[in-house]
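Structure, as structure tokens:
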Number of protein chains: 2
Amino acid sequence: MPVTMREVALQAGVSIKTVSRVVNDQGEISDLTRERVLIAIDNLGYRPSKVARALVTRRTDTIGLIFGDIANPYLSEVSLGVLDTAANEKFEVFICNTGGIPESEKRALTSLLDHNIDGAIIFPLYANRIWIQEIAQPDQPIVLMNCDIVPRPGLGLIATEMRKGARLAVDYLAKKGHRNIGMLAGEVAPKNVIQRVQGYRDGLELNGIKYRDELVLNVGTVIESGKIGTQQLLAQHPEISALFCYNDLIAMGAIEACKKLGRRVPDDCAIVGFDNIRFSSLVSPAITTVHVDKYEIGRQASNRLVDMLRNPGAIYPPIIVDVELIIRESA
Amino acid sequence: MPVTMREVALQAGVSIKTVSRVVNDQGEISDLTRERVLIAIDNLGYRPSKVARALVTRRTDTIGLIFGDIANPYLSEVSLGVLDTAANEKFEVFICNTGGIPESEKRALTSLLDHNIDGAIIFPLYANRIWIQEIAQPDQPIVLMNCDIVPRPGLGLIATEMRKGARLAVDYLAKKGHRNIGMLAGEVAPKNVIQRVQGYRDGLELNGIKYRDELVLNVGTVIESGKIGTQQLLAQHPEISALFCYNDLIAMGAIEACKKLGRRVPDDCAIVGFDNIRFSSLVSPAITTVHVDKYEIGRQASNRLVDMLRNPGAIYPPIIVDVELIIRESA
DNA sequence: AGCGTTGTCGTCAGCGATGACGTTATCGTT
DNA sequence: AACGATAACGTCATCGCTGACGACAACGCT
């Protein structure tokens, strides 16, 4: 049903190949012929099929972006960085949301790749090198964010100083006199969670506080998880006077829970978040948190991917983005 | 470089067509042959090329979702509804972000369609029937959200009672005694803005208040726009005692601005938002707003698109989603 | 024995485009 | 006048896969 090159060629009275040349601006074409073809294209409303083209060129000028939760403002901001940069470089971006399901993370990459996208940026929850290599061809570069996989050709890395950030936060709480510091830690498996827990331990150790496993609770990563997690943790360990949260959403949930429990924040329970999403300065109390330059992470990831696309085979060192503690009202 | 059917066929000692039959589970195949093919597929790590398949079948089991701002929680929640429902129906979803650029809205749909996606859901800012028909073939169904285009085969509609919502909000403010009610109204052109302005006028009229054009300010749709818009509007019209905002993000900006200007909310300036995003109950003061069931909108849109896909040529009536005023602290 | 049926495959063309290479006319050069 | 270079096209095979159709053996039935 769609208009094909054949029809354009017919109407313009030239060969299909000539139409292709005009469309792709390649080879030598006389002005007259070009004009005729252009008119035919316009008349018929012809649009080249990217699918057919992709079949032979193996390029689509489209990249994929895969992450776990579109409703997470942290990821939105990262995405903004990716999108702006990609648009500048004339790449289309297709976004896939995995909903945090490991299975789905794999499916998303597969699907994108099977659609012949040129490369992908993944904010992995469960991705590991093994299955990425299984799915992606060496000439399909992948950039991983917040992940400690060793770089190799076709694999790019953008990491955040998450461990340091967690240490800064916990150290701050400890210096304020808190000795019983709980942590609401997101899921169990993902590397970014593990790193933040590591930083939490670093912070405790730095202040001579013994790490207690039972003060770390793995909940989800959304507001509700923070709410439920806080209720649970404070019920089991009322001695907790401060909470370090995996992210600001959890911190918001924690604040809600404290309000409900009659615990004043920060006096009865100090709360520190992570990411510094836009909303964390607006809630009450404003959240003390670890700032991450999310847009920059996206920008770097996108740039790196484009570099890899233009420069196949090259191997790039990881990019590491720094963090900073922002003190507000909640701790 | 990727493994093709040919290689699988070679290794299994059968024809390409037979491999195709196994992969697609069609036709009669003996168990023995199927087994051999399956083993070859597994050995070689073969994955069918969706591109090649799409070229001939014109189906990819993938739909597109197009909207303006991935960082807008309203859209995230709608997306969640779309994604869950589509996943249930075994459709992959590719999301495109237009950044609110009219040009880009067109490009996104074109790109998706040229990749042979089966259909698309658009949260249009500038889309109109003309160019949608120009771009989409009749057999590529499109569902439009919050848009007043007349339904026709291939075009589905999900609308929200936006005008009513705005009326409810403004009526509430007027009944509280406010006579100088300003509006921060997002962009100029989009239909959803126009409808909310209409509702704003309805609300005024209902209470015998004259509409004044200069009290309506077109700003952007993000927090910063609300901040700037409020400063500007209150500077020019200090008599304003209440602000109706196009969405909750703007309302948040308005609250920030009021704090900065030393205006107490709601005493010195009442503020009502729209959408009831999750964060609006968390900020301080909690935002009085018009509740919209965002997830449901996404769910309905996705369902409708799937229906249209399975039922080509049918014509569906628009779905209209109701709204509700939620009273909190800001007004 | 002859014939239709059914189960299992294979052949061939074509989806819409592009890359590699071939062809033709024209022109300048020695 | 003969020849190579160049501009401006055209031909053909191919990308990986599927639909339409055909082939052939085994089987049952009259």
Side-chain angles (χ1 to χ4, degrees), chain A residues 1-38 40-41 44-62 110-111 113-118 137 139-140, chain B residues 1-38 40-41 44-62 110-111 113-118 137 139-140:
Chain A
M1 191 54 96
V3 183
T4 81
M5 264 195 181
R6 162 178 283 109
E7 301 165 47
V8 175
L10 234 57
Q11 194 174 103
V14 298
S15 77
I16 294 185
K17 182 67 211 187
T18 301
V19 176
S20 167
R21 286 203 181 93
V22 171
V23 169
N24 292 32
D25 230 349
Q26 61 179 209
E28 317 278 343
I29 305 258
S30 72
D31 288 346
L32 192 136
T33 307
R34 186 198 320 281
E35 199 51 34
R36 282 224 310 269
V37 171
L38 253 18
I41 286 180
L44 272 48
Y46 165 78
R47 281 199 337 256
S49 153
K50 296 202 188 192
V51 173
R53 177 181 294 166
L55 192 57
V56 34
T57 63
R58 301 181 178 294
R59 292 219 46 179
T60 53
D61 292 324
T62 304
T110 308
S111 174
L113 255 21
D114 290 348
H115 273 273
N116 263 11
I117 57 151
D118 298 341
Q137 301 291 327
D139 61 335
Q140 301 179 305
Chain B
M1 192 53 97
V3 183
T4 81
M5 265 195 181
R6 163 179 282 108
E7 301 165 46
V8 175
L10 236 58
Q11 194 174 100
V14 297
S15 78
I16 294 185
K17 181 67 210 187
T18 301
V19 177
S20 167
R21 286 204 181 92
V22 172
V23 170
N24 292 25
D25 232 347
Q26 59 179 213
E28 317 277 345
I29 304 259
S30 72
D31 288 346
L32 192 134
T33 309
R34 187 198 318 281
E35 198 52 34
R36 281 224 310 269
V37 171
L38 254 19
I41 286 179
L44 272 46
Y46 166 77
R47 283 202 332 258
S49 154
K50 297 204 185 189
V51 173
R53 176 181 295 167
L55 193 56
V56 36
T57 63
R58 299 183 179 293
R59 292 218 46 179
T60 53
D61 292 325
T62 304
T110 309
S111 174
L113 254 22
D114 289 347
H115 274 272
N116 263 12
I117 56 151
D118 298 341
Q137 302 291 327
D139 61 335
Q140 303 179 302

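So you know, we letter chains A, B, ... as the sequences are listed, proteins then strands, and number each from 1.
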Query - Side chain of B/Leu55 (C-beta onward), nearest among D/dC17, D/dG16, D/dG19 - result: D/dG16

Requested in this report: Take A/Thr60 and A/Lys50 through the test side-chain contact (heavy atoms from CB on, under 4.5 Å) and record every step on the way to the result.
Outcome: CA-CA 7 Å; A/Thr60 53; A/Lys50 296 202 188 192; 5.5 Å; no

Requested in this report: Starting at atom CD1 of A/Ile16, determine the distance to atom C1' of D/dA13, rounded to an integer number of angstrom.
Outcome: 13 Å

Requested in this report: With the side chain of B/Ser20 defined as its heavy atoms from C-beta on, choose the nearest nucleotide among D/dT18, D/dG16, C/dG10.
Outcome: D/dT18

Requested in this report: May I ask you to test the B/Arg47-A/Asp114 pair for a side-chain heavy-atom distance under 4.5 Å?
Outcome: yes

Query - Interatomic distance, B/Asn116 CG vs D/dC17 C1' [rounded to whole Å] - result: 13 Å

Query raised in the report: So which one's nearest nucleotide on DNA chain C is more toward 5', B/Val14 or A/Thr57?
Result: B/Val14

Query raised in the report: What integer distance in Å separates A/Ile41:CD1 from C/dG16:P?
Result: 16 Å

Query raised in the report: Would you say B/Thr18 reaches C/dG10's phosphate, i.e. side-chain N/O to OP1/OP2 under 4.0 Å?
Result: yes

**Report entry** Length of the line joining A/Gln26:CD and C/dA20:P, which is rounded to integer Å
**Finding:** 10 Å

Query raised in the report: D/dC9, C/dC15, C/dC9: which one has an atom nearest the side-chain heavy atoms of B/Ile29?
Result: C/dC9

**Report entry** From C/dG16, C/dT8, D/dT18, nucleotide with atom closest to B/Lys17 side chain
**Finding:** D/dT18

Query raised in the report: Can you check the B/Arg36 CZ to C/dT8 C1' distance for me, whole Å?
Result: 12 Å

Query raised in the report: Is a side-chain donor or acceptor of A/Thr57 paired with a backbone partner of A/Arg53 at a separation under 3.5 angstrom?
Result: yes

Query raised in the report: A/Ser20 versus A/Val23: any side-chain heavy-atom pair under 4.5 Å?
Result: no

Query raised in the report: In whole angstrom, what separates B/Asn24's CG from D/dG19's P?
Result: 7 Å

Query raised in the report: In terms of side-chain heavy atoms of B/Glu28, which of C/dG16, D/dC9, C/dT8 is nearest?
Result: C/dT8

Requested in this report: Examine D/dC15: is either OP1 or OP2 under 4.0 Å from a nitrogen or oxygen in the side chain of B/Thr4? Give yes or no.
Outcome: no

Requested in this report: Using only side-chain N and O atoms of A/Ser15, determine if any of them is under 4.0 Å from OP1 or OP2 of D/dG10.
Outcome: yes

**Report entry** Atom-pair distance (CZ on A/Arg58; C1' on C/dG19), nearest Å
**Finding:** 13 Å

Query raised in the report: Looking only at side-chain N and O atoms, does B/Ser49 come under 4.0 Å of OP1 or OP2 in D/dC15?
Result: no

Report task. Calculate the interatomic distance between B/His115 atom NE2 and C/dC15 atom P; express it in whole Å. Result -> 21 Å

**Report entry** Base of C/dG10 paired with side chain of B/Arg21 (donor-acceptor, under 3.5 Å)
**Finding:** yes

Report summary line: Sorted by position of nearest nucleotide on DNA chain C, 5' first, the leading residue of B/Arg34 and A/Ala52 is B/Arg34

Requested in this report: For residues B/Leu44 and B/Val3, report the shortest heavy-atom separation together with the two atoms involved.
Outcome: O-CG2, 3.3 Å

